[in-house]
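In the text below, chain A, chain B and the rest are named by the order of the sequence lines, each starting its count at 1.
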There are 2 protein chains.
Amino acid sequence: MDLQNRQLLLLGLLRIQTMHGYQLNQFLEEHLDFMTSLKPSTAYYTLERMAAEGLVEAHAEQAGNRPTRQIYAITPAGEIRYRELLRRNLASYDPCESADDIGIAFLADLPPEEARQLLAEKRALIQDRLDKILAAEDRVDAASATHLSLERVKRQHQLDLEWLSEVEAWLERALAQEAEPGSAPEP
Amino acid sequence: MDLQNRQLLLLGLLRIQTMHGYQLNQFLEEHLDFMTSLKPSTAYYTLERMAAEGLVEAHAEQAGNRPTRQIYAITPAGEIRYRELLRRNLASYDPCESADDIGIAFLADLPPEEARQLLAEKRALIQDRLDKILAAEDRVDAASATHLSLERVKRQHQLDLEWLSEVEAWLERALAQEAEPGSAPEP
DNA sequence: CGATTCATGTAACGGGTTACATGATTCG
DNA sequence: CGAATCATGTAACCCGTTACATGAATCG
């Protein structure tokens with residue numbers, strides 16, 4: 001995720017409610033883990049940057065004897081920036097290329113039996129994530145826009161599983177053809 | 001795309017045929033444009049690195065009065081590395097998060113009418129890419145593993161289009177509700 | 001003749017991740 | 001009491017992209 005979308009995300013969350021960095025990171029990990037991989041350090045850094053740009057305002061707060069924390073609030077300039085970033089995001093399309101494509105393109109370079117086992121591992125990983133997404137789905141208001149995003153991610157995983165089945169079918173055919181000479185062709 | 005997958009990709013191509021950098025870049029742009037966004041400079045750099053590691057061997061060649069070019073060939077060490085990388089790739093899953101999800105999650109923050117227009121732009125971009133992918137599909141041997149990768153990318157785009165339709169439907173509902181007070185809820 | 005293609009690089013930049021540091025606090 | 005949580009940062013590092021440079025060759 002690039003700087004712009006990190007800013008969009010953080011501004012969007014701060015628009016709902018002022019928060020401190022830790023709180024934001026918690027929220028990200030709890031509710032948006034499957035949509036973004038924004039790391040705590042990066043979030044803190046982005047918040048500082050935005051504070052320097054005047055997009056957010058920080059004010060220190062002490063709760064009991066806990067470490068001082070910076071409460072961030074979006075500024076009017078931040079609101080404007082937020083709109084800009086949101087418009088840009090909605091009007092664009094990021095193709096989001098998968099590393100999986102590269103491996104599969106060279107699938108014929110491994111013995112089919114070995115390939116099958118490796119793909120089984122991949123399948124398990126996808127299934128695992130999908131299960132977590134399905135669980136998360138229950139915790140999101142079905143009428144909210146966030147639900148739409150989650151829905152996309154869910155379908156993405158379902159698609160990958162379906163597609164993987166076809167890859168496996170392709171492998172089966174390759175395995176069957178192994179009996180007779182003449183192996184699978186290349187790019 | 002990270003270093004490992006770049007290496008996997010380049011090694012896989014060099015395994016088929018020895019090539020010079022420019023030739024590789026041409027091939028990438030012509031045949032694998034939709035699957036990877038490996039830039040020329042990065043490809044050259046990766047090749048040098050792999051040469052230093054002994055994964056590939058370069059030897060200079062002069063064709064006519066053209067600039068000298070480095071022909072790269074995969075080495076036995078490279079073959080071993082290739083297998084490793086391929087295994088790792090096949091057994092793993094990279095979730096490939098989309099920036100689109102972030103924007104959509106905040107969809108309710110824009111006037112529905114404006115959002116609709118922006119999403120129309122997004123749709124056009126996806127459709128455009130899909131058309132190019134469909135055209136590219138005809139040029140790929142349907143029995144090859146590369147075809148499987150392309151198939152995934154194609155479905156990815158189709159999914160995004162379908163999903164976008166649902167987002168639009170959601171917007172229509174929001175627009176309809178605009179008449180009566182009570183706006184769309186937030187994450 | 002001017003523009004594009006061939007073919008390779010380099011230098012600089014910003015960007016993001018990892019790993020680590022800190023220090024108090026609450027929980028088991 | 002030791003471990004995890006709260007809360008924030010920093011420093012180092014690699015990494016990838018952009019932009020630019022070069023210089024001959026061919027195409028229109």
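Residue B:Tyr22 shares its hydrophobic cluster (ILVMFWY side chains chained together at separations under 4.5 Å) with B:Tyr44.
C:dG14 atom P lies 13 Å from atom CD of A:Glu53, rounded to whole Å. For the pair A:Leu38 CG and C:dG15 P, the computed distance is 14 Å after rounding to whole Å. Rounded to whole Å, the distance from CG on A:Leu3 to P on D:dC15 is 21 Å. Rounded to an integer number of Å, the gap from CD of B:Glu30 to C1' of C:dC6 is 14 Å. Distance A:Gln4 CD to C:dG14 C1': 14 Å, rounded to the nearest Å. D:dT8 atom P lies 10 Å from atom CD of A:Glu61, rounded to whole Å.
The salt bridge (charged side-chain N to carboxylate O under 4.0 Å, His left out) pairs that include a residue from residues 111-120 of chain A are A:Glu113-A:Arg116, A:Glu114-B:Arg87, A:Arg116-A:Glu172, where partners are two or more places apart or lie in different chains. Listed by first and then second residue, the salt bridge (charged side-chain N to carboxylate O under 4.0 Å, His left out) pairs involving residues 26-48 of chain B amount to none (not counting sequence neighbours). A side chain to side chain donor-acceptor pair (under 3.5 Å) check over residues 155-168 of chain A, counting only residues at least two apart or in different chains, returns the pairs A:Arg123-A:Ser165, A:Arg123-A:Glu168, A:Arg129-A:His157, A:Glu151-A:Arg155, A:Arg152-A:Gln156, A:Arg155-B:Glu166, A:Gln156-A:Asp160, A:Gln156-B:Gln156, A:Asp160-B:Tyr93, A:Asp160-B:Arg152, A:Glu166-B:Arg155.
For A:His59, there are no ring-ring contact (aromatic ring centres under 6.0 Å, His included) partners, not counting sequence neighbours. When the salt bridge (charged side-chain N to carboxylate O under 4.0 Å, His left out) test is applied to B:Glu53, the partners found at least two apart in sequence or on another chain are B:Arg49. With sequence neighbours excluded, no residue forms a side chain to side chain donor-acceptor pair (under 3.5 Å) with B:Asn25.
Donor-acceptor pairing under 3.5 Å is recorded for the side chains of A:Ser98 and B:Asp94.
Near DNA chain C, meaning a heavy atom under 4.0 Å away, the residues from residues 17-24 of chain B are B:His20, B:Gly21, B:Tyr22. At a non-hydrogen distance threshold of 4.0 Å, A:Ser41, A:Tyr44, A:Glu48 from residues 40-48 of chain A come into contact with DNA chain D.
The shortest distance between the side-chain N/O atoms of A:Gln26 and the OP1/OP2 oxygens of D:dC6 is below 4.0 Å.
Among the nucleotides C:dA7, D:dT8, D:dC15, the one closest to any side-chain atom of B:Arg69 is C:dA7.
Among the atoms of the strands shown, none is found under 4.0 Å from any heavy atom of A:Asn25.
With contacts defined as side-chain heavy-atom distances shorter than 4.5 Å, the pair A:Asp101/B:Leu32 does not qualify.
Nearest-nucleotide positions on DNA chain D place B:Arg49 closer to the 5' end than the other of B:Arg49 and B:Lys39.
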